[in-house]
Structures are given as structure tokens and as C-alpha cells.
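For reference, positions follow the sequence shown, starting with 1.
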Amino acid sequence: MSIKVREGFVAVRLALVVWSLSPVFLVWAIRGSSMISQLWLWAGASLATIGPALIYLGSISLAKKSGTGGNLEQLTVKRLTDRREHLLSYLFPLLLSVWSLDFKTHRELIAFFVVIGFTGIAFWHLQLIYVNIWFAIAGYRSVQVERASDQAHTLRPIILLTRNGRLCENTQINALRITNNLYLDQTE
């Protein structure tokens, strides 16, 4: 028996992976490099931060326009698990792994992009697109939610970005689908 899961939302998921890696580019721009001019470093850091944010906001806007046609769902929480610790487990190792690089040689530059590439692949494969410092700065926390059983959905858990600190079992949530695994709480 094989399980085939269609993920979809490739552009949005890719944008969220790049956006979650953008703090590394910002640190690199702040530290500078003798190989790359400050202008290019800041342009790259800005692009890695602002570009994915615009794609994310655009996906929210499209989901809101489509309304209840599949992107706005009312969920009943069966069980939830806080996933905020994933933020720490990604941020510190990622930043520390590139902090010691001086970017004075081509080898260090290649090593930097290899670390970023491996991290991006891991985020993509493990579906950690919700692990993003920008969500935390905006006041969102990420919780894994198992939905109450109904005919329309399998019981596959989803990640809900919410500002609601009092979420508990049997809570009704209006959630906006960003990707197949990532939802944004609209019940605020």
C-alpha cells in the first residue's frame, strides 16, 4: 500500500522556504564581504525578505477572494500541539553555521550556499515552511492541529498560524488555506 500526497502550491511553498532563510542573508549583508559589494548584498537580502513576503501576502489575498470555495474552512480542533520550538531549532544552528564564515574566499562562499541549499531542501522535504522568524515577529505562533473527523478531509494534521493564545480542543476555527498543510487563523 502506498500513500501519495499531492502538495501543490509550489510557488508559495518555495517562497516560504526562501523567506525562512532570509535572516541569514540579512546577517550576511550586515557583516559584509570583501568578495561582493554591499549594494549587491543588501539587494539580495532585500529580495530574499521582501519578495517571498509579497508572494505570501498575495496568496492570502487570493485565498480570501475565493472565499468558501475551498480556501476558507471551518475547522474543529480535535487535538493540538505547539510547534514554536521548531523556530529555535532552526534559527540558532542555521545562523551559527554561517556566522564564522568571513566570505573572503570562493570556498567560503560555496560553503555558505551549500549550507543554505541543504537547509532549504530539508525545509521543503520536511514541510517546515511555517518555521519562519517573520511569523513570530508578527505575533503568530504555529500549532499542529488535528481536525475533527468529517467526510471532506482526511485526518492528516495541519499547521495553523494563529495569534489566539487560548486555543483548545473542540474550538471552532475559521482558517484560510495558504498551502495544503499551512492554514492561517481568521477567527480573531
| field | Set of side-chain hydrogen bond (donor to acceptor under 3.5 Å, both in side chains) partners for E169, sequence neighbours left out | value | none
| task | Under 4.5 Å between side-chain heavy atoms, chaining through other members, with only Ile, Leu, Val, Met, Phe, Trp and Tyr counted: pull out the rest of the cluster around V114, sorted by chain and number. | result | I110, F118
| Using links of under 4.5 Å between side-chain heavy atoms of ILVMFWY residues, direct or through other members, which residues join I121 in one cluster? | none
| field | Straight-line distance of L26 CG to L41 CG, nearest 0.5 Å | value | 11.0 Å
| task | Taking all heavy atoms of F9 and all of I178, pick out the closest pair and write down the distance. | result | CD2-O, 3.4 Å
| task | List the atom of R177, the atom of A63, and the distance in Å for their closest heavy-atom pair. | result | O-CB, 3.7 Å
Using residues 46-59 as the side-chain source, report each donor-acceptor pair under 3.5 Å to any protein atom, sequence neighbours left out, with the distance given to one decimal.
| residue | atom | partner | partner atom | Å |
| --- | --- | --- | --- | --- |
| S46 | OG | W42 | O | 2.8 |
| T49 | OG1 | A45 | O | 2.8 |
| S59 | OG | Y56 | O | 2.6 |

| query | Measuring from N181:CG to L160:CG, what's the distance to the nearest 0.5 Å? | reply | 12.5 Å
| Heavy-atom closest pair, residues L184 and Y140 | CD1-CE2, 3.5 Å
| field | L72 side, atom CG; K64 side, atom NZ - distance, nearest 0.5 Å | value | 10.0 Å
| Q144 (side chain) donor-acceptor with I158 (main chain) under 3.5 angstrom | no
| task | Only counting residues at least two apart or in another chain, list the ones meeting side-chain contact (heavy atoms from CB on, under 4.5 Å) with I137. | result | I133, W134
| request: Please test V143 against Y130 for side chain to side chain contact (heavy atoms under 4.5 Å, CB included), starting from the C-alpha separation and ending with a verdict. | output: CA-CA 10 Å; V143 292; Y130 61 90; over 6 Å; no
| query | Does one hydrophobic cluster hold both L109 and L39, with members joined at side-chain heavy-atom distances below 4.5 Å? | reply | no
| task | Please lay out, stage by stage, how V24 and V115 fare under the test side chain to side chain contact (heavy atoms under 4.5 Å, CB included). | result | CA-CA 10 Å; V24 176; V115 168; over 6 Å; no
| To the nearest 0.5 Å, what is the distance between OH (Y183) and CG (N174)? | 12.5 Å
| task | Write down the atom of N132, the atom of L16, and the distance for their closest heavy-atom approach. | result | ND2-O, 4.2 Å
| field | Donor-acceptor contact present, side-chain R163 to main-chain A138, <3.5 Å | value | yes
| query | Apart from V18 itself, what residues make up its hydrophobic cluster, given side-chain heavy atom links below 4.5 Å? | reply | none
| request: Could you go through the side chain to side chain contact (heavy atoms under 4.5 Å, CB included) check for I173 and T162 one step at a time? | output: CA-CA 10 Å; I173 300 169; T162 184; over 6 Å; no
| field | Heavy-atom pair of closest approach, residues T179 and R13 | value | CG2-CG, 3.7 Å
| query | Between F25 and F112, is the ring centre distance below 6.0 Å? | reply | yes
| query | Going through the distances and angles, do I159 and S142 end up as a side chain to side chain contact (heavy atoms under 4.5 Å, CB included)? | reply | CA-CA 6 Å; I159 298 296; S142 56; 4.0 Å; yes
| field | W19/F135 aromatic ring centres below 6.0 Å | value | yes
| Roughly how far, to the nearest 0.5 Å, is the NZ atom of K65 from the CG atom of N71? | 12.5 Å
| Minimal non-hydrogen separation, P157 against E146, with atom names | CB-CG, 4.1 Å
